[in-house]
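Source: prediction; values computed, not measured.
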Amino acid sequence: MEGTPSLDILKGGSLVVGGSAPMPLNHLVIKEDFYSNQFGFGQLLNSSPAMTANSVTLSMYCDGNRWYFISMPCDVKLSNIKNVDDASFVFRYYDGESRAANGTGSSWKDVPVDGTLQAGRAYIYQTDRNSTIEFTLDVTGIEGLLASGHRTVPVNAWTSENPANAGWNLIGNPSLTYFDMASTSLTCPITVWDSYNRRYVAYSLIDDDVVLYPTQAFFMQQIGENGEITFDAKGRQLTSEVSRPAAVAAAGIARRVIFNLELVVAGDASSDRTRIVLNDDASLDYECGRDASKFFADGGEVVEFFTMDGSGNRLAINERPEGDCRVRLGLYAPGASTLTISAPRLDGEAVLHDAVTGRYVDLRKENSYTFDVDSRGFVLDRFSITVRKPTSGIGEITGEDDMKVAVDGNILTVVGVKGLPVIVYALDGRVAAVADSCETHSFTLPAGMYVVKAGKTAVKCIIR
């Protein structure tokens, strides 16, 4: 590059820098917009150690009177942040140490006026009207922003009498690009703020593909000792799509039977979701690396859905052994309304019980259950669900061929496919077994989830 130009990366734009040739800039401006219903980002993907800038400004537009979660790509002193429209604003951090000691309810604290927003840490921000804030970086901040390699973020493992309150950290994507969370050292669940729907959403990094947008924040629990979370540079990307060849790794998938449940409000279609995972290696007690506490939105204006463990912890993800199979369900309704419980994913048997009406609903057959609540508030003792692992691997016919699949131990038997070859695929797409035309054939396979295909028919089965 000739000279020392200035450069603006506007929302929707991106700059990709590689190689080792010097790339000096005079002034670099990167712009992001956080509207209530649409975000726009200027992205910088720098892989060159030779990129420099004399000065850098980050510019963020935000709607007023709304909380935004923002992760910092570098250190920025609060004194170097201004609102260009002279609106009042505040940054707050999440005090995980206070939650560990005192429980929920008083964890948000204002960043002091002489404080610093730290790289990789995340904060909430609000202004009293629609306006733009500018972050002016010092030399240390510029070096951090332009760093081309892996990023590490320190996390704390604050202990608590209640494991559900231990070790909570609010950190986030430290890159000014989208980031695939499969490229972090994390395996525990994370919880993000859904700004559009104004609710929290929990994800499992074992079961879900998660790509964070630039500067997106998330909550996570650190177990045992203080440590660091590594964000590998290969996880940076310019789109929100999963771009790696394979989806979520299938390691241990045979031991994980997943039930995704959804609660929808009639009329406005607002919703929330919760998840149960049956895993013989899990505990009925709360486990930081497997379970995800339910975070509730402030104000009580959105529907909430969760499960409850034996200690009364409210969970967004409840990973447990099969045990007695019964799991308590809880919900919060923002007012009198008609609600529907459905099950977008059922890996096993699931029967919903309504203690008020006495009804039992097999969600595999009826798909959903609709009911009314008369007022605003929590409903904690009305619903439970009995979940079990599938009793066999018999799947439903999905094509015109009369194929049936059964599992007995580690023996998978396919019946009724005369004249057609049978191919058994593992979850990662590889071919696990093949048989030529036959009416009945048995395969001996290791534990795992498989898809059996013959002609136009495909059946999913599990060997435990």
Side-chain angles (χ1 to χ4, degrees), residues 9 11 28-34 39-46 51 53 55-62 66-84 89-96 107-127 131-156 168-179 181 183-184 186 190-193 195 212-220 222 228-233 235-236:
I9 305 177
K11 65 174 183 178
L28 174 63
V29 177
I30 303 174
K31 296 188 176 183
E32 296 184 348
D33 281 357
F34 291 96
F39 292 174
F41 309 99
Q43 297 189 71
L44 172 63
L45 200 168
N46 177 38
M51 184 178 185
S55 60
V56 176
T57 299
L58 302 180
S59 175
M60 294 184 181
Y61 172 87
C62 296
R66 192 181 186 99
W67 287 110
Y68 291 89
F69 285 68
I70 298 173
S71 173
M72 298 308 300
C74 58
D75 289 352
V76 184
K77 295 178 180 178
L78 193 61
S79 59
N80 288 340
I81 302 174
K82 70 174 183 178
N83 189 295
V84 299
F89 66 92
V90 64
F91 280 91
R92 290 179 178 164
Y93 68 96
Y94 193 79
D95 189 344
S107 302
W108 290 110
K109 308 288 178 61
D110 288 354
V111 176
V113 293
D114 60 348
T116 296
L117 307 186
Q118 299 175 355
R121 297 283 184 183
Y123 305 84
I124 56 173
Y125 164 82
Q126 186 174 134
T127 180
S131 56
T132 298
I133 53 171
E134 289 185 347
F135 304 76
T136 300
L137 307 190
D138 58 19
V139 173
T140 301
I142 293 173
E143 291 175 352
L145 181 78
L146 299 182
S148 57
H150 307 327
R151 306 289 185 97
T152 58
V153 179
V155 289
N156 295 285
W168 281 104
N169 292 261
L170 179 59
I171 61 174
N173 177 6
S175 305
L176 288 178
T177 65
Y178 290 92
F179 192 91
M181 289 296 287
S183 294
T184 70
L186 274 174
I190 67 170
T191 299
V192 303
W193 173 247
S195 181
L212 300 182
Y213 60 73
T215 70
Q216 186 173 6
F218 62 88
F219 290 95
M220 52 79 62
Q222 175 66 10
E228 290 183 336
I229 306 302
T230 299
F231 292 78
D232 194 304
R236 299 177 299 171

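- Partners of Asp95 by side-chain hydrogen bond (donor to acceptor under 3.5 Å, both in side chains), not counting sequence neighbours, listed by chain and number: Lys109.
- Shown here for Gly141 and Cys74, the closest heavy-atom pair between the two residues is O-CB, 3.3 Å.
- Inter-residue side-chain proximity for Leu44 and Ile30 is flagged as met; some heavy-atom pair is nearer than 4.5 Å.
- Put simply, the side chain of Phe89 reaches to within 4.5 Å of the side chain of Ile81, judged on heavy atoms.
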* Trace of the side chain to side chain contact (heavy atoms under 4.5 Å, CB included) decision for Thr127 with Tyr68 -> CA-CA 10 Å; Thr127 180; Tyr68 291 89; over 6 Å; no
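- Contact of the Ser195 side chain with the Phe34 side chain is not registered, since no non-hydrogen atoms from C-beta on lie closer than 4.5 Å.
- Residues satisfying the side-chain hydrogen bond (donor to acceptor under 3.5 Å, both in side chains) test with Arg236, not counting sequence neighbours, are Ser47.
- The distance from atom CG of Asn83 to atom CD of Glu134, rounded to the nearest 0.5 Å, is 9.0 Å.
- Contacts of Val29 classified as side chain to side chain contact (heavy atoms under 4.5 Å, CB included), with partners at least two apart in sequence or in another chain: Asp8, His27, Lys31, Thr57.
- Looking at Asn169 and Arg121, their side chains come closer than 4.5 Å, going by heavy atoms from C-beta outward.
- Residues meeting the side chain to side chain contact (heavy atoms under 4.5 Å, CB included) test with Ser183, sequence neighbours left out: Phe179, Asp232, Lys234.
- Ile9 places a side-chain heavy atom less than 4.5 Å from the side chain of Leu28.
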Check: residues 110-117 side-chain donor-acceptor pairs under 3.5 Å, at least two apart:
unit_1	atom_1	unit_2	atom_2	d
Asp110	OD1	Arg92	NE	2.7

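- Taking both residues in full, the closest heavy atoms of Phe231 and Pro174 are given as CD2-CD, 3.6 Å, listed atom of the first, atom of the second, then distance.
- Separation of atoms CG (Leu170) and CZ (Phe218) is listed at 9.0 Å; rounding is to 0.5 Å.
- Side-chain contact between Leu58 and Glu32 is absent, with no heavy atoms from C-beta onward closer than 4.5 Å.
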* To do: Go through Tyr93 and Gln118 one step at a time and tell me if the side chain to side chain contact (heavy atoms under 4.5 Å, CB included) criterion holds.
  => CA-CA 10 Å; Tyr93 68 96; Gln118 299 175 355; over 6 Å; no
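- For the pair Ser148/Met51, no side-chain contact is recorded, criterion being any heavy-atom separation below 4.5 Å from C-beta on.
- With sequence neighbours excluded, the residues satisfying salt bridge (charged side-chain N to carboxylate O under 4.0 Å, His left out) with Asp33 are Lys11.
- In this structure, Met60 CE and Tyr125 OH are separated by 10.0 Å, a value rounded to the nearest 0.5 Å.
- In this structure, Ser131 and Tyr61 have side chains that are not in contact, with every pair of non-hydrogen atoms separated by 4.5 Å or more.
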* Test side chain to side chain contact (heavy atoms under 4.5 Å, CB included) on Thr215 and Leu176 and set out the steps. => CA-CA 6 Å; Thr215 70; Leu176 288 178; 3.8 Å; yes
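- For the atom pair CH2 of Trp168 and OG of Ser107, the computed distance is 11.0 Å after rounding to the nearest 0.5 Å.
- In this structure a side-chain-to-backbone donor-acceptor pair under 3.5 Å is present from Asn173 to Tyr213.
- A perpendicular orientation is assigned to the rings of Phe219 and Tyr94, their planes being inclined by more than 60° (bins at 30° and 60°).
- In this structure, NE2 on His150 lies 8.0 Å from OG1 on Thr230, to the nearest 0.5 angstrom.
- Proximity of a side-chain donor or acceptor of Gln43 to a complementary backbone N or O of Pro214 within less than 3.5 Å is not detected.
- Between Phe91 and Tyr123, the angle of the ring planes goes over 60°, which puts this pair in the perpendicular group of the 30/60° scheme.
- A distance of 4.0 Å separates CG of Leu186 from CD1 of Ile229, quoted to the nearest 0.5 Å.
- Taking all atoms of both residues into account, the shortest heavy-atom contact from Ala122 to Ile171 is CB-O, 3.3 Å.
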